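Naming: A, B, ... by sequence-line order, numbering from 1 per chain. Keep in mind it's a predicted model, so treat the numbers as computed, not measured. Below, each value reflects all heavy atoms present in this structure, side chains not excepted, and no hydrogens, waters or symmetry copies.
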Amino acid sequence: MRIAFLGTPEFAVPSLRMLIAEGHELAVFTQPDRPKDRGHALAMPAVKLAALEAGIPVYQFEKIRLPEGVEALAAFMPDLVVTAAFGQLLSAENLAVPKYGTVNVHGSLLPKYRGASPIQTAIIEGEEETGVTTMLTSLGMDTGDILLAAKTPIGENETYGELYSRLAELGAELLKETIARIETGTLEPVPQDDALATRCRPIKKQDAEIDFSLPSKRIHDLVRGLNPAPTAFARLGEANIRIHRTQLIPQQEQLLEKFASAAPGECVIASPKQGLIVRTGDGFIGIAELQFPGGKRLEAKAAMNGKKLLGCRFEQKQEV
RNA sequence: CGCGGGGUGGAGCAGCCGGUAGCUCGUCGGGCUCAUAAUCCGAAGGUUGGAGGUUCGAGUCCUCCCCCCGCAA
């Protein structure tokens, strides 16, 4: 098939690679190169790198829904358009181009977690299961009819980054099956049940601040849902301490007895041998990996060699 | 040339107004112990990111370079 692939970050790469391996005739549309990190170097989207590697033509538009983009898409005369974490809205003109329609690969079990951050949000919300869904793209935000879905459990300590990779792979497999069944005409699009739909918004900086007055589990879910990026943090005086990994503590009886009066956010244990343990709303949580301003990420035990945090208390989160 | 922080024994840090480097952990040896992640005694280990400069003398001041980190995007 002639397939136009619209995608941008790593999440879309396994799907693109799959399409390449399947021998489809491809054109890639992705976001423009953007200035990244310090300095001013332009960085190519992951999908562009993968496409160039395979010698596939790449088109980059600020907005593919504008006439220039629509024209370029139409000029390729695709049978099918596939989108995966593209990051741009499509117009009715875009959707009218391919005869088999436009298929999107989404990182959640729709209709749950429509929107920009389905993978992070599923973890942060404490979900024990998630998955990927392929759907027909419509003009709404992830509201199109569902084609296929694949479920997967979320590990207790699984991070956003880990789940992201797994879902990207799972998405590629599901897309493969989806396309095969489109070709054979054995798919029946099922409308989403809007009553069950939930929406997730892009993660904002304030979402990443830890509120130690919450239960330990909620904090743990937030931290792993934001790892490796944008990373949860807590304020200690003027400094923002980034918290990369936390650890739930099974037996808390002794701690409770000893530090019952500690306030949420207080470091009740902070030593090179025992690591860092902080009081939370319903108990205690271990900080396994953290990062001070200007420094690299560190195992908490290593960090405790030079910093004396015992008795220090993380600031109360300021509600905005 | 977007803004800022930092590079000191294996790790994390200290070192004020310049006088050849200190702490915690780890490592190694030994003690205690049924045993130990616990504890005690002792030891090894650093051309202080690199190159110049100022100085009687620089980790500490100046210049340039390299690398790391955060913000912004």
Quote, to the nearest angstrom, the [atom1] distance that separates [N] from [M].
N: B:C56; M: B:C13; atom1: P; result: 36 Å
N: B:C62; M: B:U24; atom1: P; result: 32 Å
N: B:A58; M: B:G52; atom1: C1'; result: 14 Å
N: B:C71; M: B:C65; atom1: C1'; result: 24 Å
N: B:A37; M: B:U60; atom1: P; result: 41 Å
N: B:U47; M: B:G57; atom1: P; result: 22 Å
N: B:A14; M: B:U8; atom1: C1'; result: 10 Å
N: B:U48; M: B:G9; atom1: C1'; result: 10 Å

Atom [atom1] of [X] to atom [atom2] of [N]: distance rounded to whole Å?
X: A:Asn305; N: B:C25; atom1: CG; atom2: P; result: 8 Å
X: A:Glu62; N: B:A73; atom1: CD; atom2: P; result: 15 Å
X: A:Lys301; N: B:G10; atom1: NZ; atom2: P; result: 22 Å
X: A:Arg297; N: B:G12; atom1: CZ; atom2: P; result: 14 Å
X: A:Glu299; N: B:G26; atom1: CD; atom2: P; result: 15 Å
X: A:Leu276; N: B:C25; atom1: CG; atom2: C1'; result: 16 Å
X: A:Lys307; N: B:G12; atom1: NZ; atom2: P; result: 12 Å
X: A:Lys296; N: B:G49; atom1: NZ; atom2: P; result: 14 Å

Has A:Glu289 got a side-chain atom pairing as donor or acceptor with A:His244's backbone, closer than 3.5 angstrom?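 Flag not set: sc A:Glu289 to bb A:His244 has no pair under 3.5 Å.
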Which base, if any, makes a Watson-Crick or G-U wobble pair with [N], both distances under 3.5 Å?
N: B:C71; answer: B:G2
N: B:A21; answer: none
N: B:U55; answer: none
N: B:G42; answer: B:C28

Counting side-chain heavy atoms from CB outward, which of B:C13, B:A11, B:A73 is closest to A:Pro35?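 Looking only at heavy atoms from C-beta outward on A:Pro35, the closest nucleotide is B:A73.
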Ignoring the backbone of A:Lys205, work out which of B:C13, B:A72, B:C68 is nearest its side chain.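 From the listed options, B:A72 comes nearest.
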Phosphate oxygens OP1/OP2 of B:U39: is one of them under 4.0 Å from a side-chain N or O of A:Lys273?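 Looking at the OP1 and OP2 atoms of B:U39, one of them is under 4.0 Å from a side-chain N or O of A:Lys273.
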Give A:Asp37 one of three labels, base, sugar-phosphate or nothing, depending on what nucleic acid heavy atoms sit under 4.0 Å from its own.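 Here A:Asp37 touches the bases of the nucleic acid.
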Sugar-phosphate only, base, or nothing, as touched by A:Gln291 at under 4.0 Å among non-hydrogen atoms: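 Counting heavy atoms under 4.0 Å across all strands, the contact made by A:Gln291 is with sugar-phosphate only.
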Atom CD in A:Glu177, atom CG in A:Leu187: separation rounded to 0.5 Å?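 One finds 8.0 Å between CD of A:Glu177 and CG of A:Leu187.
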Using 0.5 Å steps for rounding, measure from the CG atom of A:Asp33 to the OG1 atom of A:Thr30.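 Answer rounded to 0.5 Å: 8.5 Å.
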Looking just at side-chain N and O atoms, do A:Gln88 and A:Lys63 make a donor-acceptor pair shorter than 3.5 Å?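 Absent: no donor and acceptor within the cut-off.
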What closest approach, in Å, do A:Arg2 and A:Glu25 show between heavy atoms, and which atom pair accounts for it?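 Taking A:Arg2 first and A:Glu25 second, the nearest heavy atoms are NH1-OE1, 2.9 Å.
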On RNA chain B, does the nearest nucleotide to A:Gly39 precede the nearest nucleotide to A:Ala303 from the 5' side, or the other way round? Give the residue.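 This one resolves to A:Gly39.
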Please tell me which of A:Gly294 and A:Pro230 maps to the more 5' nucleotide of RNA chain B, matching each residue to the nucleotide holding its nearest heavy atom.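 Comparing both residues, the 5'-ward one is A:Gly294.
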Cluster question for you: counting only ILVMFWY and a side-chain heavy-atom cut-off of under 4.5 Å, with indirect links fine, are A:Phe76 and A:Leu19 together?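 Unlinked, A:Phe76 and A:Leu19 end up in two clusters.
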Please confirm whether any donor atom in the side chain of A:Arg38 sits under 3.5 Å from an acceptor in the base of B:G70, or the reverse.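 Under the 3.5 Å cut-off, the side chain and the base do form a donor-acceptor pair.
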After noting the C-alpha distance and the side-chain angles of A:Thr102 and A:Thr137, does the key distance pass the side-chain hydrogen bond (donor to acceptor under 3.5 Å, both in side chains) rule? CA-CA 5 Å; A:Thr102 300; A:Thr137 302; 5.3 Å; no
